[in-house]
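Remember, it's a predicted structure, so these values are computed and weren't measured experimentally.
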Amino acid sequence: MSAPIVHGGGITEAAARFGGRLEDWLDLSTGINPCPVAVPQVPERAWHRLPDRQTVDDARQAAARYYRTNGVLPLPVPGTQSVIQLLPRLMQFQQTYEAVLRPGLHGSVKPSANRRVAIFGPTYGEYARVLSAAGFAVDRVEDVDGVGAEHGLVVIVNPNNPTGRAFAPAELLAIAARQKAHGGLLLVDEAFGDLQPELSVAGHVRSEGNLIVFRSFGKFFGLAGLRLGFVVATEPVLQSFADWLGPWAVSGPALTISKALMQGDTKAIAAGILERHAGLGAALDGAGLTRIGGTGLFVLVEHARAALLQERLCEAHILTRKFDYAPTWLRIGLAPDAAGDRRLADALSRMEL
């Protein structure tokens, strides 16, 4: 398999190179809410027993309301990364396409043609890495003109990481319709969609049939360590993922916590994130950095010497995210408080690049 994708994080490695205690670093390299919500109380039985059907169903019902899925019960999964690893299996059987596009049609499992995959990019590298390693030809496309009948799967992250590019639901549904015409699937990754629910197509999965939506739980709630995500899709696809993941793929505590938080006051969480985003924007603007994209949880800046800028910030024990495929880009996440904003602003003010 090809080399692993470089993600945000990596404080331990940064501290080993640039010094300082881990707790003294300001980690701005991720797109995760830096102010995690208070974890609700978890019943003791959730720690001592495998999750029962009621626990799973309660979490799925809460997710259906939170993600506005129009009656489809999302499947809880141990993080989006786990289901990305399963995409080659979804691509390998023609029966999957038949079941998705024409529910009720059953037949023998037949190997599908080795169809290509189109990924709207630049975006997460894991999709291309996993599918390429499984032998599928992957085309990185910029817009719908790059998608053709040869593509059995189209992947779009909406809003996108790291650019923040966003497609309106009508645009995505038009792509889904084109895919359906030649037996293809559309996967929309809405990992950063909590702050822009108007962009979500999760409520259209039932009517479209060939549409799959991935949602990430930990980013918005600031609980990435919970390793939890949800898949919204037709029942044949959900059943396939459930079979491949096996029983008890998500822990009882994770299911219990997600149910409570999705039923709670998410408006207050969103307001806090937007306040932190405004603080980051002010620090960047004060330093004269050019903002070219982002979402509520991070900002993408462009600088001719982005790699040097990142290194100088590391010397100040502030970690950001650079990109090997875009040497002038730097992604900067949110600080947990105004003191973090001031620390970033002060570090930038002392730099001569």
**Student:** Do the side chains of Leu131 and Pro88 get nearer than 4.5 Å, heavy atoms only?
**Tutor:**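 Side-chain contact under 4.5 Å: yes.
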**Student:** What heavy-atom pair brings Gly184 and Asn210 nearest, and what distance separates the two atoms?
**Tutor:**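 Closest pair (atom of Gly184, atom of Asn210, distance): O-ND2, 2.9 Å.
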**Student:** Contact between Ile84 and Arg129 at the side-chain level, heavy atoms closer than 4.5 Å - yes or no?
**Tutor:**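 No - every pair of side-chain heavy atoms lies 4.5 Å or more apart.
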**Student:** Spell out, yes or no, whether Leu199 and Ile269 are grouped together once hydrophobic residues are joined by side-chain heavy atoms under 4.5 Å, including indirect joins.
**Tutor:**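 In one cluster with Leu199: Ile269, no.
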**Student:** Classify the angle between the aromatic ring planes of Phe241 and Trp244 as parallel (below 30°), tilted (30 to 60°) or perpendicular (above 60°).
**Tutor:**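 Taking Trp244 first and then Phe241, their aromatic rings stand perpendicular (interplane angle over 60°).
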**Student:** Is there a path from Leu90 to Leu86 through hydrophobic residues (I, L, V, M, F, W, Y) whose side chains come within less than 4.5 Å of each other?
**Tutor:**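 Same hydrophobic cluster.
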**Student:** Should we say atom CZ of Arg140 is surrounded by more than 12 heavy atoms from elsewhere, each under 6.0 Å from it?
**Tutor:**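 Result for CZ/Arg140: open.
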**Student:** Classify the ring geometry of Tyr325 against Trp329: parallel below 30°, tilted from 30° to 60°, perpendicular beyond 60°.
**Tutor:**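 Aromatic pair Tyr325/Trp329 classed perpendicular.
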**Student:** When you group the ILVMFWY residues by side-chain heavy-atom contacts below 4.5 Å and let the links chain together, are Leu211 and Val144 in the same group?
**Tutor:**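 Yes; Leu211 is reachable from Val144 via cluster members.
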**Student:** Out of curiosity, Arg116 CZ to Asp139 CG, how far, rounded to the nearest 0.5 Å?
**Tutor:**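 The distance works out to 4.0 Å.
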**Student:** Nearest 0.5 Å, please: how far is CZ in Arg321 from CG in Leu28?
**Tutor:**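 The CG atom of Leu28 sits 14.0 Å away from the CZ atom of Arg321.
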**Student:** Find the distance between CD (Glu190) and CG (Leu172) and round it off to the nearest 0.5 Å.
**Tutor:**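 Interatomic distance, Glu190 CD to Leu172 CG, rounded to 0.5 Å: 8.0 Å.
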**Student:** Please determine if Arg215 forms a cation-pi arrangement with Phe217, meaning its NZ or CZ atom is less than 6.0 Å from the six-membered ring centre and no more than 45° off the ring axis.
**Tutor:**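 Geometry flag: not set, cation outside 6.0 Å or 45°.
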**Student:** Could you tell me which residues satisfy salt bridge (Lys or Arg N to Asp or Glu O under 4.0 Å) with Glu150, sequence neighbours excluded, listed by chain and number?
**Tutor:**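 So Glu150 forms no salt bridge (Lys or Arg N to Asp or Glu O under 4.0 Å) with any residue.
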**Student:** Locate the shortest heavy-atom distance separating Ile119 from Ala128; write the atom from each residue and the value.
**Tutor:**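 It is CD1-N, 3.6 Å.
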**Student:** Where is the tightest heavy-atom contact between Leu26 and Ala335, given as atom of each residue plus distance?
**Tutor:**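 So the two residues come closest at CD1-CB, 4.4 Å.
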**Student:** Main chain of Ala283, side chain of Asp341: is a donor-acceptor contact present, judged purely on distance under 3.5 Å?
**Tutor:**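 No, because the side chain of Asp341 does not come within donor-acceptor range (under 3.5 Å) of the backbone of Ala283.
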**Student:** Tell me which donor-acceptor pairs under 3.5 Å the side chains of residues 62-69 have, and how far apart each pair is, sequence neighbours excluded?
**Tutor:**
residue, atom, partner, partner atom, Å
Tyr66, OH, Asp194, OD2, 2.6
Thr69, OG1, Val72, O, 2.4

**Student:** Kindly indicate whether the side chain of Phe214, heavy atoms from C-beta on, has any atom under 4.5 Å from the side chain of Val231.
**Tutor:**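 They are in contact (side-chain heavy atoms under 4.5 Å apart), so the answer is yes.
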**Student:** Checking Ser82 side chain against Gly79 main chain: does a donor-acceptor pair fall under 3.5 Å?
**Tutor:**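 Checking the backbone N and O of Gly79 against the side chain of Ser82, a donor-acceptor pair under 3.5 Å is found.
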**Student:** Run the side-chain contact (heavy atoms from CB on, under 4.5 Å) test on Leu87 and Leu187 for me, step by step, so that the C-alpha distance in whole Å, both residues' side-chain angles and the decisive distance to 0.1 Å come before the verdict.
**Tutor:** CA-CA 10 Å; Leu87 289 181; Leu187 167 60; 3.8 Å; yes
**Student:** Kindly give the heavy-atom pair with the smallest separation between Ile318 and Ala347, and that separation in Å.
**Tutor:**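 So the minimum-distance heavy-atom pair works out to CD1-CB, 3.8 Å.
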**Student:** Which heavy atom of Phe120 sits nearest a heavy atom of Glu142, and at what distance?
**Tutor:**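 Shortest heavy-atom separation between Phe120 and Glu142 comes out as CD2-O, 4.0 Å.
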**Student:** side-chain contact (heavy atoms from CB on, under 4.5 Å) between Leu348 and Leu284: does it pass, once the steps are laid out?
**Tutor:** CA-CA 8 Å; Leu348 291 171; Leu284 298 177; 4.2 Å; yes
**Student:** Evaluate side-chain contact (heavy atoms from CB on, under 4.5 Å) for Phe220 paired with Thr266, printing each intermediate quantity in order.
**Tutor:** CA-CA 9 Å; Phe220 176 77; Thr266 57; 4.1 Å; yes
**Student:** For the backbone of Thr295 and the side chain of His277, can you confirm whether one donor and one acceptor N or O come within less than 3.5 Å of each other?
**Tutor:**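 Yes.
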**Student:** Check the side chains of Asn33 and Arg276 for a donor-acceptor pair under 3.5 angstrom, ignoring hydrogens and angles.
**Tutor:**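 No - no donor-acceptor pair under 3.5 Å links their side chains.
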**Student:** Find out if a path of hydrophobic residues (ILVMFWY) with successive side-chain heavy-atom gaps under 4.5 Å connects Leu330 to Ile32.
**Tutor:**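 Per the 4.5 Å side-chain linkage, Leu330 and Ile32 are not co-clustered.
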**Student:** At their closest point, which heavy atom of Leu195 faces which heavy atom of Ala270, and how far apart are they?
**Tutor:**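 Of all heavy-atom pairs spanning Leu195 and Ala270, the closest is CD2-CB, 3.6 Å.
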**Student:** Go through it in stages, so that I can follow the logic: the residues are Arg343 and His317, the test is side-chain contact (heavy atoms from CB on, under 4.5 Å), and I'd like the CA-CA distance, side-chain angles, deciding distance and then a yes or no.
**Tutor:** CA-CA 10 Å; Arg343 180 175 169 183; His317 297 166; 3.5 Å; yes
**Student:** Below 3.5 Å, can you tabulate the donor-acceptor pairs from side chains in residues 251-263 to any protein atom, sequence neighbours excluded?
**Tutor:**
residue, atom, partner, partner atom, Å
Ser251, OG, Ala254, N, 3.2
Thr256, OG1, Gly252, O, 2.9
Ser258, OG, Ala254, O, 3.3
Ser258, OG, Leu255, O, 2.9

**Student:** Output yes when a side-chain donor or acceptor of Arg60 lies under 3.5 Å from a complementary backbone atom of Pro76, and no otherwise.
**Tutor:**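 Pair absent, no side-chain N/O of Arg60 close to backbone of Pro76.
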**Student:** Mind jotting down which residue pairs meet the salt bridge (charged side-chain N to carboxylate O under 4.0 Å, His left out) criterion with at least one end in residues 34-56? Sequence neighbours excluded, please.
**Tutor:**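 Residue pairs passing salt bridge (charged side-chain N to carboxylate O under 4.0 Å, His left out), neighbours aside: Arg53-Asp57.
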**Student:** Sequence neighbours excluded, which residues qualify as salt bridge (Lys or Arg N to Asp or Glu O under 4.0 Å) partners of Arg17?
**Tutor:**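 Applying salt bridge (Lys or Arg N to Asp or Glu O under 4.0 Å) to Arg17 gives Glu311.
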**Student:** Examine distances only and state if a side-chain atom of Arg115 and a backbone atom of Ala149 form a donor-acceptor pair shorter than 3.5 Å.
**Tutor:**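 Checked: pair present.
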**Student:** Flag yes if Val141 and Ile175 sit in one hydrophobic cluster, no otherwise; membership is Ile, Leu, Val, Met, Phe, Trp, Tyr, and two members link when side-chain heavy atoms are under 4.5 Å apart.
**Tutor:**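 Per the 4.5 Å side-chain linkage, Val141 and Ile175 are co-clustered.
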**Student:** Looking at CH2 of Trp25 and SG of Cys314, how far apart are the two atoms once the value is rounded to the nearest 0.5 Å?
**Tutor:**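 The SG atom of Cys314 is 4.5 Å from CH2 of Trp25, to the nearest 0.5 Å.
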**Student:** What distance do Asp189 atom CG and Glu126 atom CD have between them, rounded to the nearest 0.5 Å?
**Tutor:**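 The CG atom of Asp189 sits 11.5 Å away from the CD atom of Glu126.
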**Student:** For residues 296-310, dump all side-chain donor-acceptor pairs below 3.5 Å to protein atoms at least two apart in sequence or in another chain.
**Tutor:**
residue, atom, partner, partner atom, Å
Glu302, OE2, Thr328, OG1, 3.3
His303, ND1, Arg305, N, 2.9
Gln310, NE2, Thr320, O, 3.0

**Student:** Going from CG on Leu313 to CE on Met351, what distance comes out if it is rounded to the nearest 0.5 angstrom?
**Tutor:**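 It is 3.5 Å, given to the nearest 0.5 Å.
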